[in-house]
Amino acid sequence: MKKRKVPLRKCIASQEMFPKKELIRVVRTPENEILIDPTGKKSGRGAYICSKPEYVELAKKKKALDRALKTKVNEEFYKRLEKYIVTGECDE
């Protein structure tokens with residue numbers, strides 16, 4: 001039986017390739033909302049980040065999400081992202 005290819009995506013904080021399922025997708029919708037996308041299917045410009053709090057800190061420090069989504073990401077969103085990593089609950 002042929003082995004399936006695992007889709008890989010690059011973490012915007014560490015610039016490392018990881019399997020897509022291990023990363024969190026953050027999306028900027030056409031209405032310019034920035035959301036966490038647990039399904040990976042929301043429309044808009046997406047970026048992937050590792051699901052570890054230290055990578056969220058690194059992305060904040062490097063302004064990686066700002067560049068990837070081509071918009072300003074506020075401090076409150078980073079707090080929601082860290083909460084999502086810890087609890088697994090998305091409040092959108």
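Quantities reported herein were computed from a predicted structural model and do not represent experimental measurements.
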Once rounded to the nearest 0.5 Å, what's the spacing between atom [atom1] of [X] and atom [atom2] of [Y]?
X     : Y     : atom1 : atom2 : answer
Ile12 : Tyr55 : CD1   : OH    : 12.5 Å
Ser51 : Glu22 : OG    : CD    : 7.5 Å
Thr39 : Arg25 : OG1   : CZ    : 8.0 Å
Arg28 : Asp66 : CZ    : CG    : 11.5 Å
Leu58 : Lys52 : CG    : NZ    : 12.0 Å
Leu8  : Lys21 : CG    : NZ    : 13.0 Å

* To do: List the steps and the verdict of side-chain contact (heavy atoms from CB on, under 4.5 Å) for Glu57 and Glu82.
  => CA-CA 9 Å; Glu57 272 307 308; Glu82 286 176 346; 3.2 Å; yes
* Asked: Can we say Lys60 and Glu75 salt-bridge, meaning some charged N sits less than 4.0 Å from an Asp/Glu carboxylate O?
  ->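 Salt bridge: yes.
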* **Salt bridge Glu76-Lys79, side-chain N to carboxylate O under 4.0 Å** =>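 Between Lys79 and Glu76 there is no salt bridge, as every charged N stays at least 4.0 Å from the carboxylate O atoms.
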* **Flag if over 12 foreign heavy atoms under 6.0 Å of NZ, Lys63** =>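 No, not enclosed.
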* **Minimum-distance pair of heavy atoms, taken over all atoms of Pro30 and Ser43** =>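 Of all heavy-atom pairs spanning Pro30 and Ser43, the closest is CD-O, 3.7 Å.
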* Asked: Leu69 and Gly46: which non-hydrogen atoms are nearest, and at how many Å?
  ->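 Smallest heavy-atom distance, with atoms named: CD2-C, 4.2 Å.
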Side-chain ([X]) to main-chain ([Y]) donor-acceptor, under 3.5 angstrom:
X     : Y     : value
Arg67 : Lys62 : yes
Arg45 : Ala68 : yes
Asp37 : Lys42 : yes

State yes or no: do [X] and [Y] share one hydrophobic cluster built from I, L, V, M, F, W and Y residues joined by side-chain heavy-atom distances below 4.5 Å, directly or via other members?
X     : Y     : result
Ile85 : Ile49 : yes
Ile34 : Ile24 : yes
Tyr84 : Tyr48 : no
Ile36 : Leu65 : yes

* To do: For a side chain to side chain contact (heavy atoms under 4.5 Å, CB included) with Leu81, tell me which candidate from Val86, Val73, Val56 qualifies.
  =>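 That would be Val56.
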